[in-house]
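What follows is a short report on a single structure.
Every chain is numbered from 1, with letters handed out A, B, ... down the list of sequences.
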2 protein chains.
Amino acid sequence: MTVSRVLNNSGRVAPETRLRVEQVIRELGYVPNALATGLFKGRTRTIALIVSDISNPFFTVIVRGVEDLAQRNGYTVVVGNSDESVEKERQYVASLISKRIDGLLITPAGNGSRRILEALGRRGSPFVLIDRDVEGVTADSVTGDNVAGAKLLTQHLIELGHRRIGFINGRRELSTSRDRQRGFEMALRERGIELNPVLIGDNAHRRDEAYRVAHQLLELPPEERPTALIAGNNVLVIGVIEALRSAGLAVPEAMAVVCFDDLELASALDPFLTVVAQPVRSFGTIAAQFLLERLNGEADVQPRRVVLTPELVVRRSCGAGLGPLVI
Amino acid sequence: MTVSRVLNNSGRVAPETRLRVEQVIRELGYVPNALATGLFKGRTRTIALIVSDISNPFFTVIVRGVEDLAQRNGYTVVVGNSDESVEKERQYVASLISKRIDGLLITPAGNGSRRILEALGRRGSPFVLIDRDVEGVTADSVTGDNVAGAKLLTQHLIELGHRRIGFINGRRELSTSRDRQRGFEMALRERGIELNPVLIGDNAHRRDEAYRVAHQLLELPPEERPTALIAGNNVLVIGVIEALRSAGLAVPEAMAVVCFDDLELASALDPFLTVVAQPVRSFGTIAAQFLLERLNGEADVQPRRVVLTPELVVRRSCGAGLGPLVI
DNA sequence: TTGAAAGCGCTAACAT
DNA sequence: ATGTTAGCGCTTTCAA
């Protein structure tokens, strides 16, 4: 019909006819059926965002950024929670393919995501990795420099005089965890501090595991016990603080604690931790930007990998922990 | 084709044919086109969730609950951010209608949402209100008992000896704010405490406004100054705490602070506030349940309104504030 | 048990 | 400047 031309501003329509059509559209409350358009065009102007935990403030900020940019560009965002499960990711991606979503933004659950993403790529759907890399997958990605971030935190503690630094790290499966651990170890080595494997509690999946691991570190004999703790992310640090509290240790008076990621709201509360902050919102917006560019065919063929630089935010002296615990 | 019958388990298909079809489906990596199905059936197995701020942990928990339940029932969730703007809501709903989303869950931005929701209802799309009511709209809804919650907080403070209680409340436009203020005033009246309008700072939209309002209350002459503050929600309370900190007042030693809503992560930090906690996750899951029931035609015609009971969580004595500030 | 026809609402290409 | 045709991929109905 002529209606289509009016709605899309395509082709010539007599001004008078246009007005008449617009009038009727308003009267009828007519809304075009995007399913039919999508069916015909093969595009739905919908993108998907799969995060591993939507109730984690870190990912929340990403969601917000993505939603914002998508909305401004006329795209709708479908949000999925993978719960760090590759299986749930698979289900999601299947549903997205079925619904002919134009592209995907994802914080992959692990290296197992590789096959899923490859399958998606084979269908011609562009996707962008956020926060984490997947071994063997080459695609647009927006991540932080986790090696550098871990070095910043570690160096900070070392400069304050700490020598026995505990590290409570996240899932080994994640590139972020691996990189952070690498940065930690590098920083120690550069300063000539011997790495004590006992002080590394890695592969903590959740807050309660961080709690447990922190407790283990506290039970070390005094001469081995850490004077400072680095938590691998914003969730683990809560478990760490809870463990310290239950042990009657004040932060940072009795134990220095630093961590990755800044929580906007929590940063107003106590303890004001020294953290390595990442420009998280940019993770989302840049990734969305990349995806939209690909969808518009504006992007080069070769993948772009952006690594954003983290920043040390010193909120409170972490040197204090040295006192009571150093024998 | 016979393929459709195989995929939907409808009609008779020879076992042998079925196997052959399944084989080919696997070989081709065939995925049915949900757009075509939706176009024909008029249903998309997609629901939308519009919240006012997806980076607010309160709503985040709702998103999580909704996503969870939807996923388990084979539905996809489209998430939108209204930023407390009715205009953005309108745009979203238009896009959702166009995409033939089956139903909507919404934390409405205000009474202006009424027209939008009525229009949606006229199209036959079911929707469920979450957390907030809209004047003049009758629909399924899941909310908290905000009058009761405010009374709990106020009574708690009164019992601890506070008489001058400040109230920093959220947007007047929201039913939650109005109800909370009503509960606050009722509790005062019931205990025979005269209401001092000066102590009510209402209509704070954001954290910085709460900060400003709290500062105003602190600048009152000593004999009028509050000894305790109630913050209208989890975001405003941060502003309040920041204001107290900048004024050098410890919480709760120098000033009692209580608020609505419990933040899972922040609750592990200092100050451990006494709060009225709501079963927020249930807001999402119950609302989603209602919506899905309607979509399945299982629900009665008359709207169901669920009001969930809040609970006082006492984390730290709020009586302490009485000391220094009471002249 | 399987196939053929028609139509869901849209748009690109081709008439008129 | 407008209308007609055909087809995107599916499902329902009816026929074989």
Side-chain angles (χ1 to χ4, degrees), chain A residues 1-46 74-76 78 93-103 120 122-125 295-297, chain B residues 1-46 48 74-76 78 93-103 119-120 122-125 295-297:
Chain A
M1 300 241 199
T2 307
V3 178
S4 175
R5 281 190 256 264
V6 171
L7 286 168
N8 298 300
N9 276 325
S10 63
R12 257 127 274 288
V13 181
E16 195 232 346
T17 317
R18 150 161 279 128
L19 285 176
R20 216 149 42 92
V21 170
E22 284 166 346
Q23 172 65 22
V24 176
I25 284 178
R26 232 167 301 121
E27 274 169 23
L28 267 52
Y30 167 83
V31 179
N33 187 329
L35 295 175
T37 311
L39 183 57
F40 182 86
K41 294 213 172 181
R43 306 186 305 104
T44 52
R45 294 191 84 76
T46 302
Y75 278 80
T76 303
V78 165
V93 170
S95 147
L96 302 180
I97 290 174
S98 174
K99 294 199 161 138
R100 299 300 190 262
I101 264 89
D102 294 338
L120 193 64
R122 257 180 269 119
R123 294 200 100 85
S125 302
L295 294 179
N296 294 332
Chain B
M1 303 230 196
T2 307
V3 179
S4 173
R5 282 190 256 264
V6 171
L7 285 169
N8 298 301
N9 276 324
S10 62
R12 256 127 276 287
V13 182
E16 196 232 345
T17 318
R18 148 160 281 129
L19 285 176
R20 218 150 39 94
V21 170
E22 284 166 347
Q23 173 65 22
V24 175
I25 283 178
R26 231 168 302 122
E27 274 170 23
L28 267 52
Y30 166 84
V31 178
N33 186 329
L35 295 176
T37 311
L39 184 57
F40 183 88
K41 294 212 173 183
R43 307 186 306 104
T44 51
R45 292 190 86 75
T46 302
Y75 277 80
T76 303
V78 165
V93 169
S95 148
L96 302 180
I97 291 175
S98 174
K99 294 199 161 137
R100 299 301 190 260
I101 264 86
D102 294 339
L120 193 63
R122 256 181 269 121
R123 294 199 100 84
S125 301
L295 294 178
N296 293 332

* Record whether the side chain of A:Arg5 comes under 3.5 Å of the base of D:dG3 through a donor-acceptor pair of N or O atoms. => yes

* Asked: So, is A:Thr2 near the phosphate of D:dG3, with a side-chain N or O under 4.0 Å from OP1 or OP2?
  -> yes

* Asked: Which pair of heavy atoms, one from B:Asp102 and one from B:Gly42, lies closest together, and at what distance?
  -> OD1-O, 4.4 Å

* Does the side chain of A:Asn33 come within less than 4.5 Å of A:Thr37's, by heavy atoms? -> no

* **Any side-chain heavy-atom pair of A:Leu35 and A:Leu39 under 4.5 Å** => no

* Asked: With sequence neighbours left out, what residues match B:Leu19 under side chain to side chain contact (heavy atoms under 4.5 Å, CB included)?
  -> B:Glu22

* Structure fact -> Whole-Å distance, B:Asn8 CG to D:dT13 P, equals 14 Å

* Side chain of B:Leu39 (C-beta onward), nearest among C:dT2, D:dA1, C:dC8 -> C:dC8

* Who passes side chain to side chain contact (heavy atoms under 4.5 Å, CB included) against B:Asn9, sequence neighbours left out? -> B:Arg18

* Should we count CD of A:Gln23 as having more than 12 external heavy atoms under 6.0 Å? -> yes

* Atom pair distance, as rounded to whole Å: CZ in A:Phe40 and P in C:dC10 -> 13 Å

* **B:Arg12: partners by side chain to side chain contact (heavy atoms under 4.5 Å, CB included), with sequence neighbours left out** => none

* Asked: Tell me, which pairs form a salt bridge (charged side-chain N to carboxylate O under 4.0 Å, His left out) where one or both residues lie in residues 23-46 of chain A, sequence neighbours left out?
  -> none

* Asked: Any side-chain N or O of A:Ser4 less than 4.0 Å from the OP1 or OP2 oxygen of C:dC10?
  -> no

* To do: Residues of residues 17-38 of chain B with any non-hydrogen atom less than 4.0 angstrom from an atom of DNA chain D: list those, numerically ordered, please.
  => B:Tyr30, B:Pro32, B:Asn33, B:Ala36, B:Thr37

* To do: Provide, to the nearest angstrom, the distance between the CD atom belonging to B:Glu16 and the C1' atom belonging to C:dT1.
  => 12 Å

* Provide, to the nearest angstrom, the distance between the CD1 atom belonging to A:Ile97 and the C1' atom belonging to D:dC10. => 18 Å

* Structure fact -> B:Thr46 meets the side chain to side chain contact (heavy atoms under 4.5 Å, CB included) criterion, sequence neighbours left out, with A:Lys99, B:Thr44, B:Thr76, B:Val78, B:Ile101

* the helix from C:dT1-D:dA16 to C:dT16-D:dA1: angle between end helix axes, five pairs per end, rounded to 10 degrees -> 50°

* **Rounded distance (Å) that lies between atom P of C:dG9 and atom NZ of A:Lys41** => 18 Å

